[in-house]
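Report on one structure; see the data block that follows.
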Amino acid sequence: MQMEKNFDASAAEARISALWQKQKIGAAGANAKAGAEAFSIMIPPPNVTGSLHMGHAFNNTLQDILIRWHRMQGHDTLWQVGTDHAGIATQMVVERELAKSGAPSRRDMRREAFLAKVWEWKDQSGGTIINQLKRLGASCDWDREAFTMSGNFPDAVTKVFVDLYNKGLIYRGKRLVNWDPHFETAISDLEVENIEVAGHMWHFKYLLADGETYEYVDRDTDGAVILRERRDYISIATTRPETMLGDGAVAVHPSDARYAAIVGKMVHLPLCDRLIPIIRDEYPDPTFGSGAVKITGAHDFNDYQVAKRAGLPLYRLMDTRGHMRSDGAPYDVAVARAREIAGGAHASEAEIDALNLVPDRFRGLDRFEARDAVVAEINKLGLCVPVKVITIDPETNSEDWRNEPYVEAKKIMQPVGDRSKVVIEPMLTDQWFVDTAKIVGPALDAVRSGATKIMPESGEKTYFHWLENIEPWCISRQLWWGHQIPVWYGPTSYNLAGKEFCGATEQDVAAEAKTYYGNILGTEIKVEFPNEAFFAAIAIGDEGRDAAAAISVNGDGSHTIRLHRDPDVLDTWFSSGLWPIGTLGWPDQTPELAKYFPTSTLITGADIIFFWVARMMMMQLAVVDQVPFKTVYLHGLVRDAKGKKMSKSLGNVIDPLEIIDEFGADALRFANAAMASLGGTLKLDTARIAGYRNFGTKLWNACRFAEMNGVWEGHVTQETAPNAAATANKWIIGETAKTLAEVNAALEGYRFDQAADALYKFVWGKVCDWYVEFAKPLLDGEYANETRATMAFVLDRSMILLHPIMPFITEDLWGQTGQRAKLLVHTDWPNLPLTLVDTAADAEMAWVTGLIEEIRSARTQMHVPVGLKLDIVATEMDNAAKAAFARNEALIKRLARIETLTHGAAPKGSISLAVDGASFALPLDGVIDVAEEKARLSKAMDKLAKEIGGLAGRLKNPAFVASAPEDVVEEVRANLALREEEQAKLAAALHRLSSMG
RNA sequence: GGGCGGUUAGCUCAGCGGUAGAGCACUACGUUGACAUCGUAGUGGCCACUGGUUCGAUCCCAGUACCGCCCA
């Protein structure tokens, strides 16, 4: 069967992919030699809602290269695949589908029914990205596909939560978090995008209490007074006027002389019947705006810190949807209580949170409507800082001065939910936290000690920087899709303090509750776990729930306690933080856990080093006291050819599946490998991918050439190199060994780009450009058999070495070119000693290729027609040159298009060539243009002179000879001698030419 | 504002103490026994700038300018 002219990527990929899957070539331990060391990689679990983008394609190509490389070496490999449940994203997708189909909303159908819908969706559509990975050629263990909500994973997550809770490493508290008013949940920093938008800065006057005034003095940078006036107000600036309703203070910098006199005094909060103090804090920037900052502790992260430092009450203004609150007591009641608290009355955190200080007329407004309303009212009250505006009447030329409210147009950074696209509201809510400060130590030590190595090194800096300044980790989400927090709350009535119980199962919790309440109440305790609907149906609010439902006395005097489970679920990152052990079966001590953990290498984007890598480190160390991986390879974002981030709005997204359709998966993979320099930028250009598709074609055609020349006839894979006599064969065998060494070294150092580069240069630059051409004459001569054997050996090695990067085309070729014991994917990685490199053969081939290039170059420059065969005259030749020429005569003649070689003086009208140990003349009588040949020689001389100048200059410098290493000096000397020899030859040729006229 | 990184051929990137490299693009020629998804020969670089260390700096150090990214 004759080979096709080109590799048919789409047909071959489908066929080979199916074959691999059928034979389970990626199964854990497949192709492992007895007693082999383990090599394991955890896939960074893609989002179950996701589809393959360039980042995945890049990332998974690198993982696959490593896995295939190790598997071919006979190591016991596992590439663990799976997806994470992506709480917010999945919930969003399913809610959207429900809305589209006109089904009841999530809230209407309630939790259990909604979750059933999510599972339904997952079973139907959750496998998209996994199938796309197969198209890329990923050789994962597909049978082990994991999911953070399936199998042992939920149990593992619960167990870890309970363990950390019992160790006091998890706690619940009221904190300011990023709140998404659309999804009505806390979200992580990662899910917040900060986008610069056109905003405004309003300037308001907060009047001093009791009509007090002070002298306001403004100075320039030299200290000269530029403004001095009496003021009865302090000027504050804000981009979010609606939050002023919750202000707890005005803060100024301690060094700010302008306000020193009024620090500690009270100001009237506009629109509110409250007084708030002027306080000192380091936070305000005296050079920015007025230097005075309003402090709204419950709605701004910076203000929150100030409020905490100053002990200010944190008044929450909005509900979960970002509307101004309409719950609680009427405003006059609330504000009266607020005044008492300001006056020093004790109030619990819960009471302060329950206090609604939104004036009645603003209640229920959306926060942006409230903003307009607040600004309008302040303007009406004349409490905006005015600015003088001048208008000139064009007819009368009279000037009209007016005061207008001072509103600056200003670019502001606005936090936006990456999925909801709504403005994120810092919100004071009850959340669960991991006390990361207590578990961060081992994670830091592991990297410091080198137990885990992060590449590139800059990643370690980022890692340290973040971990050394770690914040508590908010792990609760107000979602339904996820791992529900295993905490139940007991009743608060009957003077019970409202105990919480944390346990892995309801049985555990019931036992604990029985003991607890039995001790307090002195009766028999029955524990029940009604569902949420039960509580929701009875009443809203803890007290109502309690009185009616959470505890009751039975006829026999016993009590029934009904525990209410925390409705929140855990952050998806909490479960993906357990990915390494969770996918291996933990908490069961499975054989896989023993064998493949800690894992060998993690390959992931540098953008999630905080959110995922660091957390996996902390969690694995906290739970099983081992690092999750030995090496972490971090890479950047894949960008477009111009370096722009790919985004739908820019329309520059490159779909890897389209690329695979057009160029084949191998081309995309090779491009990915070639881009992967350590810390390098990842700009993906389709022109480059096309180039690597061409590279595949090149290899294909070399194999096709071999086939046409009988190389594959009866071919069986040979592990050892043939014993070659012809120089070209010896040489290419040595080049193969060198390339293997380069590829091994490159992959050991995670230099995928260098591996790709070495293979590209070898296959195209050595095998195709030279060796196949050398083989043509050799296949007609006495070395035909050894040349066939050599070519088979070299092309086999090319397929093997390229296989981790280009698995499809190489597997296809492998199957077409010989008797194969195994699929290529399980073929042994070569072991070729560098003793195969024959330095004499290398030198000889360098001489031959040098001569051929000289002749070709001279021919082209002299406009000799390509088809014309020339005679060549050796004007001088040392013995080495003679021998080299003799041994490779057929090659030289064919590739340089030489008819005959004679020895003697340069004939009239010839051009001259100088190579190491020999000079040649190409007789071109009648063809030669003397002026052009002179120019050619002069140009070559100029170049030589420049080089000689540099080399000689260095040798003339005594300091160089004295200080530089011996071998460097020797090299320069040898180089100089070589150039001078060549220079002499060219000079002689030029002289002859001149004397000719 | 803090941190990290970058600046090398027209473009995209390697190199990182010892005479500047690749791919793509470009120019000329070319269907020579695999390959036009190709071949042959070429063109093209004050390696951002300024100092310093060194016998020697694109490479190391300091500073400057510009450009990214992350975190505020």
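Predicted model, so just to flag it, every value in this text is computed and none were measured. Quick note on labels: first sequence line is chain A, next is B, and so on, each numbered from 1.
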Looking at the side chain of A:Arg856, which of B:rG18, B:rA34, B:rU40 is the nearest nucleotide?
B:rU40
Please give the distance between the P atoms of B:rC55 and B:rC16 as a whole number of Å.
23 Å
Provide, to the nearest angstrom, the distance between the CZ atom belonging to A:Phe752 and the C1' atom belonging to B:rA14.
16 Å
Looking at A:Phe663, is A:Arg693 sitting on its ring face, NZ or CZ under 6.0 Å from the six-membered ring centre and within 45 degrees of the normal?
no
Once you apply a heavy-atom cut-off of 4.0 Å, does A:Phe695 come out as touching a base, just sugar-phosphate, or nothing?
nothing
Looking only at the side chain of A:Asn6 (C-beta and beyond, no hydrogens), which of the listed nucleotides B:rC29, B:rU37, B:rA34 gets closest?
B:rU37
Could you check whether the rings of A:Phe695 and A:Phe670 sit parallel, tilted or perpendicular, using 30° and 60° as the cut-offs?
tilted
Mutual orientation of the aromatic rings belonging to A:Phe7 and A:Trp700 [parallel < 30°, tilted 30-60°, perpendicular > 60°]
tilted
Give the nucleotide from the list B:rC4, B:rU37, B:rA14 with an atom nearest to the side chain of A:Lys461.
B:rC4
Within a strict 4.5 Å, meaning less than it, do heavy atoms of the A:Ile852 and A:Ile855 side chains meet?
no
Does the side chain of A:Trp770 come within less than 4.5 Å of A:Met845's, by heavy atoms?
no
Below 3.5 Å between N/O atoms, which protein atoms pair up with nucleotides 42-44 of chain B? Just atom names and distances, please.
residue: B:rG42; atom: OP1; partner: A:Ser857; partner atom: OG; Å: 2.5
residue: B:rU43; atom: OP1; partner: A:Lys939; partner atom: NZ; Å: 3.2

Rounded to whole angstrom, note down the P distance from B:rU8 over to B:rG2.
26 Å
Against the side chain of A:Phe610, the closest entry in B:rC70, B:rG18, B:rA72 is B:rC70
I want to check a possible cation-pi pair here: A:Arg797 against A:Phe793, using under 6.0 Å from ring centre and within 45° of the ring axis as the test.
yes
Look at all strands and tell whether A:Lys698 reaches a base, only sugar-phosphate, or nothing, counting heavy atoms closer than 4.0 Å.
base
Counting heavy atoms from C-beta on, name the nucleotide in B:rU32, B:rU37, B:rC55 closest to the side chain of A:Thr697.
B:rU37
Just to be sure I understand the rule, does A:Thr860 reach a base, reach only the sugar-phosphate, or reach nothing, if contact means heavy atoms closer than 4.0 Å?
sugar-phosphate
A:Thr849 vs A:Glu853, side chain to side chain donor-acceptor pair (under 3.5 Å): CA-CA, chis, key distance, verdict:
CA-CA 6 Å; A:Thr849 54; A:Glu853 281 174 341; 5.3 Å; no
Under 4.0 Å between any heavy atoms, over every strand shown, what does A:Glu773 touch: base, sugar-phosphate, or nothing? Just pick one.
base
Produce the list of close N/O pairs, under 3.5 Å, pairing protein atoms with atoms of nucleotides 19-27 of chain B; give distances to one decimal.
residue: B:rU19; atom: O4; partner: A:Asn975; partner atom: OD1; Å: 3.0
residue: B:rU19; atom: O4; partner: A:Asn975; partner atom: ND2; Å: 3.2
residue: B:rU19; atom: O4; partner: A:Arg979; partner atom: NH2; Å: 2.8

Out of curiosity, A:Thr686 OG1 to A:Arg688 CZ, how far, rounded to the nearest 0.5 Å?
12.0 Å
Salt bridge (charged side-chain N to carboxylate O under 4.0 Å, His left out) against A:Arg448, all qualifying residues, sequence neighbours excluded:
A:Asp445, A:Glu468
For A:Cys768, answer base if it contacts any base atom (sugar-phosphate contacts may also be present), sugar-phosphate if it contacts only those atoms, and nothing otherwise; contact means non-hydrogen atoms under 4.0 Å.
base
5'-most contact on RNA chain B (nearest-nucleotide basis), A:Gln754 vs A:Asp769, goes to A:Gln754
Side chain to side chain donor-acceptor pair (under 3.5 Å) partners of A:Asn59, counting only residues at least two apart
A:Gln63, A:His635
Please give the distance between the P atoms of B:rG3 and B:rA48 as a whole number of Å.
24 Å
What does the list of N/O pairs under 3.5 Å between the protein and nucleotides 51-54 of chain B look like, with a distance for each?
none

Extract the stems that RNA chain B is part of, considering only consecutive pairing runs of at least three Watson-Crick or G-U wobble pairs, both distances under 3.5 Å.
B:1-7 with B:65-71, B:10-13 with B:21-24, B:26-30 with B:38-42, B:48-52 with B:60-64
What's A:Asp780 touching, base or sugar-phosphate or nothing? Going by heavy atoms closer than 4.0 Å.
base
Can you tell me, in whole Å, how much space there is between the C1' of B:rC24 and that of B:rG56?
34 Å
Which residue lies more 5' along RNA chain B, comparing A:Ala674 with A:Ala702 via nearest heavy atoms
A:Ala674
Please state the C1' separation for the pair B:rU27 and B:rG10 - nearest whole angstrom.
13 Å
